[in-house]
Amino acid sequence: MKEARVWEKFLPPVPPPAFADPWDVVGEALPVLAPARRIDVPTWAEKGADGKQGRKISSPGFSGGWRNDFAAYMVEPSRMTTSRRFGAVVFAGPARTSKTEPLILNTIGHRIVCNPRDMLVVCSTQDVAKQFSERKLAPMIRANSSIAERQMTGRGSDNIHEKRFAGNMNLQIRWPVIGYFSQNEYFDVLLTDYDRMPEDVDGEGAPFMLARKRTQHAGSQGMVICESSPGRLIERDDWQPSTLHEAPPCSGILAEYNLGTRGGFYWTCPSCGDPFRPLFERLHYERKATPGESARTVEMVCPNGCCIGADRKHELNCSGIWLHETNNGQNLVEIDDPAVRDTDVVSYWLEGPVAAMQSWEQLVMRAEQGRIQFEETGDEGALKATINLDQGRPHLPQIRTVGDTLAPETLKALSEAFPMRVAPAETRFITVQADVQPNRFVVQVDAWGPGLERWLIDRFDIHEPPADAPNAANRSIDPPRYYEDWSALSALLEQRYPVAGSGFALAPRAIVVDLHGAKGTTDHAYHWWRHHRLAGNSGRCFILRGRGGVTRERATLKVPEKVQGTKRRRKSDLLYIEAGTDPLKDEVIMSLTRKDAGPGKYHLPETLAENVFAEFCAEVRTDQGWRERKSGLRNEALDLAVYGKAIAIVLKAEKINWTRPPAWAAEMPENSSALPVETGTAPPKRGRAPKPSEKPTEAAPAAAATRPAASPANQSSSWIRPRGSWFSR
């Protein structure tokens, strides 16, 4: 250390830091003093600030200069972003409309070059904000020298979420948390993909209203831009528009649209010359064998019946105009007309057939795919996605059109004349669902055919405990307290149901039991499943836990987070089905109310007990999911139907190729669960007894199944016996 200090005197002196060049400081500040260039956003994007060169685009799909005629319908909305009359621009439209480029990116570029000032861009999440900065904003800056040369080079001038430009412009790229909507003031706040943001930011209000407060200090120079495809549900099932362009009542982008001038885009028919809105219902096509074949027949039909081919789309877009409502909502004018609706928000709503980057064939094909999936499975996911993202419309869940009006009388009217305890000829496999109550097991049996068409073929309660259970003669069954009583469910695995007209009977492919219930139920359900896993029946025996929530996954196999009876987490040997009860109830109700036979239809027998029809209607659909219609109503039938659909999903029955099905879903007699029906005494009949004048039906053969059947509810269940004392294993 001492030698080092000696050598210090031989080192050259360190020069002091240079003084700042005053011309550099003045140069950075000069753009603040320069007046804003009086040029609107679409003109800057196409021609640039000097009228010679506009914005350049460099991407894997396209490289070249910006052209306003590519998406001509975006010219007026982007022109309004420099308006001094309006303080906000709202644009609702489908994906692939080119909303973000002209409204968000072009506005950012215009402000940097022509009118530098503080700006906040809000994306739906932090990850999306990072992707926007890296994949959209950064390439635009690199591709345009007029923007890149204005970016500052000092420390903190080029971060992912914050960038600084000449003229003291600070550009923030953030996400919806209250910290970014408070304290700081901005001249521009840009909200992108609005309907994927939370409706309420940290309890302070909607992002749109918070954004407007951040620009209020700027007076007529302040601007909020909000764009998104619709993603929220329609809130009123019976809504009818009161004005020409009113959007349905829902939160999000369309709620903000209704606050504004309510602009709609119009084409002029090339044949008759009348203006009309090119909405999705104007697309006409023939419904053929496949969605692709149907899509190839599509054409636009104007209100007067004129047919317009897809090759005219670009031409009609370039000549189209935006018309906005007047104050009475019954007349339409252009945006510069003094009679336009009196509001400080200019709003636009565009639908899918106009979108520049989406063909009519794609639009129809996806609509047909969503419809087919819904009809076959009851799952509205694909249907909702195509309505929101392709058509640019809000979605009204189909279940809500029947969920709050479904009555037992409706289901009775839809019920059919087929015998109980006999599987229809179309049956490929059978499932058993059981619900655990303090004093009984409630059991429902479904027969499944191709396309997951199903029939309810048995329903009964088990009230009496197995004969070898403790004190069986002096008590009713008590599943939460007596583990031995669960052998009553195990016996159901050997029950066989004759398949009409085949000479064969089918054993259940699977049994699923709800593990919720009174204290002790879950523990006994776990033990019951473990026993069957050791016995080699883990592929046939399942336990299930229901979870509420309209966005839940329908059904999946999971491992418990915490092992029963322990205080800490550790690896479990258990598997259970987690069922999203709300989406599955949607599917069940839609399948029950389908009038025609076919894939996804759920058939109920007319001999079903009155209380079972009522149990299917015990709940009502709300925006938050399914809720009790009235406290205390029994809903076992609906729950058991949900369990049946969940087990079908877990068995991957939705993915079966019915021309080459697995052995357990094959036709008789190749089905691996099929056995010949033995001759002998017919099993006791359930439900309505045949009238003396009725002849025996072919669907109910006199031959008995190979195992005795369960007794009906409220009668003796003493037939249920374990084949051996498996509790001692």
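On a predicted model such as this, the values are computed, not experimentally measured, just so you know. What you see below is based on every heavy atom in this structure, not just the backbone, and it leaves out hydrogens, waters and symmetry mates.
- Side-chain contact between F374 and M590 is present, with heavy atoms from C-beta onward closer than 4.5 Å.
- Of the N and O atoms on the side chains of Q172 and Y186, not one donor lies less than 3.5 Å from an acceptor on the other residue.
- S229 pairs by the side chain to side chain donor-acceptor pair (under 3.5 Å) definition with R196, not counting sequence neighbours.
- In this pair, W175 and Y180 present their aromatic rings perpendicular. The plane angle is above 60°, beyond the 30 to 60° band.
- For the pair N327 (side chain) and D342 (backbone), a donor-acceptor distance under 3.5 Å is present.
- Not a single ring-ring contact (aromatic ring centres under 6.0 Å, His included) links Y285 to another residue, sequence neighbours left out.
- Within a 6.0 Å sphere centred on CZ of R371, heavy atoms belonging to other residues, nucleotides or ligands number more than 12.
- Using a 4.5 Å heavy-atom threshold, the side chains of C306 and V301 count as separate.
- Side chains of R174 and L120 form a contact here, defined as non-hydrogen atoms less than 4.5 Å apart.
- Taking all atoms of both residues into account, the shortest heavy-atom contact from K99 to P94 is NZ-O, 2.9 Å.
- Defined by atom type and a distance below 3.5 Å, a donor-acceptor pair is present between the side-chain atoms of E293 and T290.
- Taking the salt bridge (Lys or Arg N to Asp or Glu O under 4.0 Å) definition, one finds that R117 meets it with D188, sequence neighbours left out.
- Looking at D586 and R554, no side-chain N of the basic residue comes within less than 4.0 Å of a carboxylate O on the acidic one, giving no salt bridge.
- Counting only residues at least two apart or on different chains, the ring pair (Phe, Tyr, Trp, His ring centres under 6.0 Å) pairs with a member in residues 207-229 are F187-H217.
- Contacts of W267 classified as side chain to side chain donor-acceptor pair (under 3.5 Å), with partners at least two apart in sequence or in another chain: N317.
- At a threshold of 4.0 Å, the pair E46-R67 does not count as salt-bridged, since none of the basic side-chain nitrogens sits closer than that to a carboxylate oxygen.
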H314 vs F70, test: side chain to side chain contact (heavy atoms under 4.5 Å, CB included). Steps then yes/no.
CA-CA 8 Å; H314 179 73; F70 175 73; 5.8 Å; no
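- At a threshold of 4.0 Å, the pair E256-R212 does not count as salt-bridged, since none of the basic side-chain nitrogens sits closer than that to a carboxylate oxygen.
- Around atom CD of E149, more than 12 heavy atoms belonging to other residues, nucleotides or ligands sit under 6.0 Å away.
- Between the side chains of T326 and N328, a donor-acceptor pair is found at a separation under 3.5 Å.
- For E204, there are no salt bridge (Lys or Arg N to Asp or Glu O under 4.0 Å) partners at least two apart in sequence or on another chain.
- W349 is linked by a ring-ring contact (aromatic ring centres under 6.0 Å, His included) to Y257, counting only residues two or more places apart in sequence or in another chain.
- W360 meets the ring-ring contact (aromatic ring centres under 6.0 Å, His included) test with no other residue; sequence neighbours excluded.
- Of the N and O atoms on the side chains of Q391 and R393, not one donor lies less than 3.5 Å from an acceptor on the other residue.
- Contacts of E325 classified as salt bridge (Lys or Arg N to Asp or Glu O under 4.0 Å), with partners at least two apart in sequence or in another chain: R262.
- Panel note: side chain T243, backbone Q330; no donor-acceptor pair is recorded below 3.5 Å.
- At distances below 3.5 Å, not a single donor-acceptor pair connects side-chain atoms of N68 with backbone N or O atoms of V75.
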Side chain to side chain contact (heavy atoms under 4.5 Å, CB included) between I308 and K313, intermediate numbers included
CA-CA 9 Å; I308 304 170; K313 176 179 174 179; over 6 Å; no
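- The side-chain contact (heavy atoms from CB on, under 4.5 Å) test applied to V340 returns R85, T261, H324, V333, I335, not counting sequence neighbours.
- With hydrogens and angles left out, the side-chain atoms of E380 and H395 include a donor and acceptor closer than 3.5 Å.
- At a threshold of 4.5 Å between non-hydrogen side-chain atoms, the residues M119 and L190 count as touching.
- For E199, the salt bridge (Lys or Arg N to Asp or Glu O under 4.0 Å) criterion is met by R232, not counting sequence neighbours.
- Within 6.0 Å of the CD atom in E334, the count of heavy atoms belonging to other residues, nucleotides or ligands does not exceed 12.
- Looking at K163 and N159, their side chains never bring a donor and an acceptor atom within 3.5 Å of each other.
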Pair Y73, W322 - check ring pair (Phe, Tyr, Trp, His ring centres under 6.0 Å), show working.
CA-CA 8 Å; Y73 47 80; W322 287 99; 7.5 Å; no
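- Judged purely by distance below 3.5 Å, without hydrogens or angles, the side chains of D158 and Q151 pair a donor atom with an acceptor atom.
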Let me have the donor-acceptor pairs involving side chains of residues 132-139, under 3.5 Å, with sequence neighbours excluded, atom names and distances please.
unit_1	atom_1	unit_2	atom_2	d
S133	OG	I160	O	2.6
E134	OE1	K130	NZ	3.1
E134	OE2	K130	NZ	3.1

Do L283 and E299 pass the side chain to side chain contact (heavy atoms under 4.5 Å, CB included) test, and can you show the C-alpha distance, the side-chain angles, and the key distance before you say yes or no?
CA-CA 6 Å; L283 293 179; E299 59 185 357; over 6 Å; no
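- Remark: the S242 side chain and the E246 side chain contain an N/O donor-acceptor pair separated by less than 3.5 Å.
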